[in-house]
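Worksheet: one structure, shown below.
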Amino acid sequence: MGIEDDRAFHLERARQCRRMAEEAGDPAVRSLHEQLAQFHDAEALREIGELVDDEDGA
């Protein structure tokens with residue numbers, strides 16, 4: 001899996017987690033899904049950083 005594939009994976013998972021958060025009836029479950037979405041957003045951003053580092057020759 002390349003950096004772009006990893007980034008796309010994390011963005012899709014964040015979207016799915018947010019959808020599950022919206023559908024969750026239990027506030028605790030909703031919160032957990034949102035936390036997972038935030039994790040995947042952060043991982044997608046990390047992938048962007050790695051891509052930029054690779055392009056800069058770091």
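This one's a predicted model, so the numbers in the text were calculated from it and none came from an experiment.
Rounded to the nearest 0.5 angstrom, E22 CD and R30 CZ are separated by 10.0 Å. To the nearest 0.5 Å, the span separating CG on L36 from CZ on R13 amounts to 7.5 Å. Rounding to the nearest 0.5 Å gives a distance of 9.5 Å between CD of E47 and CG of L11.
Applying the salt bridge (charged side-chain N to carboxylate O under 4.0 Å, His left out) criterion to R18, with sequence neighbours excluded, gives E34, D41. Among residues two or more places apart in sequence or in another chain, the side chain to side chain donor-acceptor pair (under 3.5 Å) test is passed with R19 by none. Evaluation of the side chain to side chain donor-acceptor pair (under 3.5 Å) rule for H10 yields H40 as partners, not counting sequence neighbours. Q35 pairs by the side chain to side chain donor-acceptor pair (under 3.5 Å) definition with S31, not counting sequence neighbours. Applying the side chain to side chain donor-acceptor pair (under 3.5 Å) test to E12 and every residue at least two apart in sequence or in another chain returns R15, Q16.
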